[in-house]
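Notes for the one structure printed next.
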Amino acid sequence: MTEEEMLDEEYDKQMEYDAVYYGSIYQKKPSAAEKSTGRDSKLARINQMRKIYLPKKPLPTPRSPTRHSDSEGEHDNLVTWTKNLNAEDLDN
């Protein structure tokens, strides 16, 4: 092997190492068609995640009529119970 061949081989190894370690600066840039398919795939993935993670119907809020009426009845029962407490019975 001549010195020139050894230098060429060393240079090729260094270029390969640099491409792996730092990323190739000579990579082909994506065309407009490739970019649009990339956008389409991202949108498809976002829509899929929305279907999975976002609820189909809104969750009931704490102020919804069904929960409010239940807690209102509990509140009334608690107020009535505390009014009926006898302070003398509590001291003994």
>> Measuring only between side-chain heavy atoms, which start at C-beta, is V79 closer than 4.5 Å to K83?
In response: yes
> In the hydrophobic clustering (ILVMFWY, side-chain contacts below 4.5 Å, transitive), which residues join I52, or is it alone?
Replying inline: M49, Y53
> With sequence neighbours excluded, what pairs up with Y17 under the side chain to side chain contact (heavy atoms under 4.5 Å, CB included) test?
Replying inline: Q14, Y21
>> Holding to salt bridge (charged side-chain N to carboxylate O under 4.0 Å, His left out), I want the full list of residues that pass it with K13, two or more places apart in sequence or in another chain.
In response: E9
> What distance do M6 atom CE and D8 atom CG have between them, rounded to the nearest 0.5 Å?
Replying inline: 11.0 Å
> In chain order, what residues pass the side chain to side chain contact (heavy atoms under 4.5 Å, CB included) check against T2, with sequence neighbours excluded?
Replying inline: E4, E5
> Side chains of R50 and N47: does their closest heavy-atom pair fall under 4.5 Å?
Replying inline: yes
